[in-house]
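Before any comments, here is the structure.
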Amino acid sequence: MQAQSPIQTRPYNREEWSRGYESLREEFDYPIDEIEGDIPPELQGTLFRNGPGLLDIRGDRYQHPFDGDGMICAIAFQDGKAHFRNRYVRTEAYVQEQQAQKILYRGVFGTQKPGGWLANAFDFRLKNIANTNVIYWGGKLLALWEAAEPHRLDPKTLETLGLDDLDGVLAKGDAFAAHPWVDPDCNGETRLVNFSVKPGLSTTITLYELNESGTVVKQQKRSVPGFAFMHDFAITPNYCIFFQNAVQFNPLPFALGMKGAGECIRFRDNEPTQILVIPRDATRPIQTIPVYSGFVFHHINAYEQGDTVIVDSIAYDALPAPEPGQDYREVNFEAMAPSQMWRLHLDLQRKTVLRERLDERACEFPVVHPNRVGRPYHIAYMGAAHEPQSNAPLQAILKANVETGDRQLWSAAPWGYVSEPVFVPRATSDPMVEDDGWLLTLVFNAHESRSEVVILDAADLTRGPLARLKLKHHVPYGLHGSFTPEVFA
Ligand code: FE
């Protein structure tokens, strides 16, 4: 008789996947010497990544990875060599908790202080965890978290220099979102465009535009009715577009110490999303167009076509959230609806919307060529599931031509779990070619219990990695990052 072994039907293993959520406590600084393949010598610059590095304190786990303390990784490329460094953002709360070696703050996504609801009730302090994105702009390296001020870091050493108020623009406690866009051509200049949201019974959105030296050159405030939870937005030369998803916020369980503030948000799938089209010219009025869009965290890109604005996004059927008290590492992927690429055609004259699905494959963390931001484009890159249908962890990098329907995929299944890809254009490339360059992504290699930096040829993902740079340790699943041509080694 033969022993029955479980039939392997999935390209992933949940237990292996969940090990990518172990804390990385150490801080490293070393040249990467274990490399399969060759780093393209023209690839020069620094990849910065941010994400929750610490997911527990002395074994007391945070309830959700979004509550994890921000840890920055910097991978510098020069002359075919690479250097790795990681460092925690020394936020006020991180320093206090590391000294005390216990959880002192509640997290937005459900982390509670020890001692039950009595120990947590009426504690409304926010822990600025600086864990969502990292950008190098105007000579400053900034770690971003959407509900508070950015932290400024030394781009060479990653040492925390303190909170940054954008040269006096932000008041104490003001927010600066974690999803800025770089407009590639604003009267011949590049501009960083970002926002902040002040939620309440009505919501105030502030838009900021920073010139290349990092100075805020344009700022406007707009108020819209109702509560809003908006993580990202999209830009075009004339507009900023927000999806005000239909959500309801009941603060009572938060106030009483029973839930995190983020756990008190409920998605109302029987109500439409309000699409807010805000002109970058502050003298022009907002347009609001309702549409059933599903829940959207991230936008791929947007552009104008006469009176129509096209917005491409990654949409979920509903706000994805684990059941209260459930361990996020035990998520049942197959039971959840996949996040997919959708396109909206917003007719600003007639105030009508056409909605079409661009692909069925589960995906997240989209990116486009920096020159195509806000402009007509063909190619989007993103993390994706290995299989074309059904929901699963991100194991592949997808290159999607949103016009022709062409697809290319590189998959790290069954050993690997990918993070957001970052597209780096070749310095000498034709600025109109959308795939002359490289995709950089950190992959958790579950079979070796460590991470690697994978470099793909964006022109042809099917070639497989040009290089796999093996790190000496794992890097917990991160969120967002960016690339600068400056080498900080
Ligand atoms: Fe995000």
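Since the model is a prediction, treat every value here as computed from it, not as a measurement. What's counted below: heavy atoms across the whole structure, side chains too, no hydrogens, waters or symmetry copies. Whatever order the structure lists them in is the order used to number ligands and atoms, beginning at 1.
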Enumerate the protein N/O/S atoms at a distance below 2.8 Å from the Fe ion (ligand 1), ignoring waters.
His179 NE2, His231 NE2, His298 NE2, His480 NE2
Crowded around Lys140 NZ? As in, over 12 foreign heavy atoms under 6.0 Å?
yes
Separation of Asn50 CG from Leu479 CG (nearest 0.5 Å):
7.0 Å
Can you give me every donor-acceptor pair (side chain of residues 286-294, partner residue at least two apart or in another chain, under 3.5 Å) with its distance?
{"unit_1": "Tyr292", "atom_1": "OH", "unit_2": "Asn270", "atom_2": "O", "d": "3.4"}
{"unit_1": "Ser293", "atom_1": "OG", "unit_2": "Thr273", "atom_2": "OG1", "d": "2.8"}

With no hydrogens and no angle check, just 3.5 Å: does a side-chain donor-acceptor pair link Asp435 and Tyr381?
no
Do the numbers put Arg468 on top of the ring of Trp415, so that NZ or CZ is under 6.0 Å from the six-membered ring centre and no more than 45° off the axis?
yes
Taking the inter-plane angle between the rings of His179 and His231 on a 0 to 90° scale, is it parallel (under 30°), tilted (30 to 60°) or perpendicular (over 60°)?
perpendicular
